[in-house]
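Please read through the structure below; I'll follow up with questions.
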Amino acid sequence: MTKLLTDISPYVYGTTRLGDDKLPFAERVAVARSAMDADIWFHTSHTYGDALKVLRTAFDEERIKVPKLIVKIGWTHVNELRDVIHQNIDPLGLDGLELGQLCLSGALADDYVNGGKCYEVFEQIKREGLVKHYVLEVFPWTSHIALKALRGGYPQGIVDGYIFYLNPLQRFASNELWHELVERNEPIIAMRTVSGGNVHRLRDVPGAAWKEYLQQRAVEVAPIFERSGIQNWTEFCVRFGHSFPQVRATVGSTSQLERLQEFLTAAQHIQPLPEDIVKEISALQTRWSDEVDMKAEAWSM
């Protein structure tokens with residue numbers, strides 16, 4: 001186990017919504033500064049609107065508090081990697097990344113699954129100091145890539161873990177890959193902590209769930225949440241992610257100070273959920289994976 005996945009903060013601040021230019025720039029900078037003051041890791045990407053501009057402004061106000069970053073890198077060809085890395089670190093005034101989230105498709109995904117040249121390039125990039133560690137991004141439609149490479153032994157010693165949506169309403173790894181990760185005790189970073197919002201809102205408010213399947217799942221999970229006696233959905237979700245020993249951190253995004261504080265409070269003294277609740281939700285996720293996730297077109301969920 002690498003030091004990376006033992007010293008990562010249990011809650012990682014996701015910066016997706018910092019890129020929303022409909023919100024006042026100064027307010028977004030203030031939220032970023034509050035997260036910096038909490039001494040937690042950040043997750044970001046140059047694809048998140050003007051989030052990097054917001055972060056650069058916040059970082060320049062107090063460079064000593066610049067957080068460790070998880071950043072999306074890829075995409076379809078191995079020769080894109082350095083360019084994408086620089087598209088992220090240069091605007092932030094950084095020399096390198098703590099953790100690169102490998103987002104692979106096309107020829108690069110084929111190379112990964114077959115133990116190709118990309119692994120040499122990953123290592124060279126590490127030697128150059130551009131990226132210290134890697135985790136592989138997984139979706140239902142890419143789970144077969146992660147599984148085949150894992151069973152082939154290719155990522156060993158190079159890729160430190162896996163990152164995917166993991167919350168009470170979503171588990172974006174196929175059943176087969178999930179069982180393999182659990183059996184091997186592979187480190188996992190769980191994304192989209194609260195699945196887009198409070199479970200009652202997702203269930204009851206038309207349009208709150210961005211896809212119909214989330215509303216349907218909220219109908220099934222809401223009674224479990226209610227029976228738990230936990231009053232706060234954010235706390236429930238943080239505890240759910242950390243109910244799995246393989247999970248090192250959960251990533252949740254917000255542009256609101258009060259929501260950020262909810263995440264920070266929930267992550268202070270994390271207790272796993274009761275085993276029966278975890279088993280009940282896990283059984284739902286196993287069914288959802290077979291019935292919906294694995295039949296979905298890419299990027300449709």
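Hydrogens, waters and symmetry mates are skipped; everything else that's a heavy atom, side chains included, is used.
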Just say parallel, tilted or perpendicular for the rings of Tyr134 and Phe122, cut-offs at 30° and 60°. tilted
Near-ring test Phe139/Trp299, centroid separation under 6.0 angstrom: yes
Using a 4.5 Å cut-off on heavy atoms from C-beta on, say whether the side chain of Met36 contacts that of Phe42. yes
Counting N and O atoms only, with roles assigned by atom type, does the side chain of Asn167 sit under 3.5 Å from a partner on the main chain of Arg192, one being a donor and the other an acceptor? yes
To the nearest 0.5 Å, how far apart are CZ in Arg203 and CG in Leu169? 12.0 Å
Test: Arg63 cationic atom under 6.0 Å from Phe59 six-membered ring centre, within 45° of axis: no
Flag if over 12 foreign heavy atoms under 6.0 Å of CD, Glu258: yes
Validate the cation-pi geometry between Lys53 and Phe25: distance from NZ or CZ to the six-membered ring centre under 6.0 Å, angle to the ring axis within 45°. yes
Distance check, rounded to the nearest 0.5 Å: Leu260 atom CG versus Ile40 atom CD1? 6.0 Å
I'd like to know if the side chain of Thr44 and the backbone of Val71 have a donor-acceptor N/O pair within less than 3.5 Å. no
May I ask you to check whether Trp41 and Tyr13 place their ring centres under 6.0 Å from each other? no
Provide the closest heavy-atom pair for Asn114 versus Tyr154 in the form atom of the first, atom of the second, distance. C-CE1, 3.7 Å
Might you confirm whether atom NZ of Lys132 has over 12 heavy atoms from other residues, nucleotides or ligands at distances under 6.0 Å? no
Ring centroids only, cut at 6.0 angstrom: are Phe172 and Phe164 within range, meaning strictly under it? no
Side-chain donor-acceptor contact under 3.5 Å, Glu212 with Gln216: yes
Apply side chain to side chain donor-acceptor pair (under 3.5 Å) to Glu176 and list each qualifying residue two or more places apart in sequence or on a separate chain. Arg151
Of Tyr162, Trp288, Phe244, which is the lone residue that meets ring-ring contact (aromatic ring centres under 6.0 Å, His included) with Trp178? Phe244
Tell me, yes or no, whether the heavy-atom count around Asp83 atom CG, taken from other residues, nucleotides or ligands under 6.0 Å, exceeds 12. yes
